[in-house]
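So the structure is just underneath, and the comments pick up after that.
The sequence lines fix the lettering, A, B, ..., with proteins before strands; numbering per chain opens at 1.
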Protein chains: 2
Amino acid sequence: MRIGELARRTGVSVRSLRYYEEQGLLTSTRSASGQRHYTEDKVDRVAFIQRLYAAGLPSRTIIELLPCVDAPSEGNSDAAMEHMERERDRLTGHIAELVRTRDALDGLIATGRAYQQRLRSGASV
Amino acid sequence: MRIGELARRTGVSVRSLRYYEEQGLLTSTRSASGQRHYTEDKVDRVAFIQRLYAAGLPSRTIIELLPCVDAPSEGNSDAAMEHMERERDRLTGHIAELVRTRDALDGLIATGRAYQQRLRSGASV
DNA sequence: CTAAAACCTGACATTGATGTGAGGGGCAAG
DNA sequence: CTTGCCCCTCACATCAATGTCAGGTTTTAG
């Protein structure tokens, strides 16, 4: 498929797809005229890249990890393994923090709802 | 306390504290000579701001939410409540995504470990 | 064949949080 | 008084991902 279709199917902008390629995260074959062509599996890869981005991994890190995805257990250096574990732990900590923040938001929301409830039931300010 | 101490105690750079103030997220009293002075409770506020930032809320959003923190249930407009609920939901979705990503990383790590195990036990490539 | 739609490269713009540096006060200790 | 450290403002730099525009080629549909 060409870049437009990949963009449509992944919800990622054409610009970003070219950027991923520039960063070495995504590969494509080129037609004689220079147009990029992608295989079906690139859809999943783009989705995965997006998730890593969303997880806050910088592309530098993603570049290190992708070989492990491409060739699971082929040349996974100890360094790469350690890097993955570090990122996993970082992510775990980050998740915990987000959960705390969400709980704080929930608390605020509950307080606010209770107040609105009181208002509606006729209490004056 | 002055800005340097607040920075030290929160682990946030002096630059960032001034930026928070510029964004209306943090207040300070000024001494005659113009130096910022903070009360003890600002330590917690800065920590909270940092967590909201870490949760990916842009300062625009944080500005909307902070009044609800400052005066719980006082003038919480419906709009602010809705905004908080939206952010809470967004956060929930984001957390779920991060968990998925972490699980994917875990999978890669497990695969890699198994491979290294095989290597160590004498299998050749 | 032609027009529209999609693609190409390259470059500059943007956003948000933060770094950094210049140039200048404020204040305590020696 | 001077040295050193902390503070002030202003302004420009940075980083990463993405947007956007320009000028040009390719593909597709009619």
- Over how many whole Å does the gap from A:Glu5 atom CD to D:dT27 atom P extend? 16 Å
- Message: Could you check whether A:Glu5 pairs with A:Arg9 (Lys NZ or Arg NE/NH1/NH2 to Asp/Glu carboxylate O, under 4.0 Å)?
- Response: yes
- Query: Using a cut-off of less than 4.0 Å, is there contact between a side-chain N or O of B:Arg36 and OP1 or OP2 of D:dT9?
  - Reply: yes
- Note on the structure: Among C:dT18, C:dC8, D:dC7, the one nearest any side-chain atom of B:Tyr19 is C:dT18
- Closest non-hydrogen contact found for A:Ala55 with A:Arg90 is O-NH2, 3.4 Å
- Message: Nearest to the A:Gln35 side chain among D:dT26, C:dG16, C:dG26, which nucleotide is it?
- Response: D:dT26
- Query: Would you find a donor on one side and an acceptor on the other, under 3.5 Å apart, between the side chain of B:Thr10 and the backbone of B:Leu6?
  - Reply: yes
- Could you identify which residues of residues 86-102 of chain A place a heavy atom less than 4.0 Å from some atom of DNA chain D, listed by residue number, or say none? none
- Query: Rounded to whole angstroms, how far apart are CD on A:Glu21 and P on D:dT18?
  - Reply: 15 Å
- When rounded to the nearest 0.5 Å, the distance separating OH of B:Tyr20 from CD1 of B:Ile49 is 7.0 Å
- Considering just the side-chain nitrogens and oxygens of A:Arg30, establish if one lies under 4.0 Å of OP1 or OP2 belonging to C:dT9. yes
- Between A:Glu21 and A:Arg30, does at least one N-O distance fall below 4.0 Å, as a salt bridge requires? yes
- Task: Considering just the side-chain nitrogens and oxygens of B:Tyr53, establish if one lies under 4.0 Å of OP1 or OP2 belonging to C:dG16.
- Result: no
- Between atom CG in A:Leu17 and atom C1' in C:dC8, what is the gap in whole Å? 14 Å
- Query: Quick one: which of D:dC7, C:dA6, C:dT9 gets closest to the side chain of A:Arg18?
  - Reply: C:dT9
- A:Glu22 CD to C:dT9 P: how many Å, rounded? 10 Å
- Message: Regarding B:Ser59, tell me which of base, sugar-phosphate or nothing describes its non-hydrogen contacts under 4.0 Å with the strands shown.
- Response: sugar-phosphate
- Grab the CZ-P distance between B:Arg60 and C:dT15 for me, whole Å please. 12 Å
- Message: Between A:Ser16 (side chain only) and A:Val12 (backbone N and O only), is there a donor and an acceptor less than 3.5 Å apart?
- Response: no
- salt_bridge(A:Glu85, B:Arg113) N-O dist < 4.0 Å: yes
- Item | First of A:Ser33 and A:Arg15 reached from the 5' end of DNA chain C, by closest nucleotide | A:Ser33
- Rounded to the nearest angstrom, tell me the gap between atom CD1 in A:Ile3 and atom P in C:dC7. 7 Å
- Could you state the atom-to-atom distance from CG of B:Leu6 to P of D:dC6 in whole Å? 15 Å
- On DNA chain C, nearest-nucleotide positions of B:Leu57 versus B:Ser31: which is more 5'? B:Leu57
- Between B:Leu26 (CG) and C:dA17 (P), how many Å, whole number? 14 Å
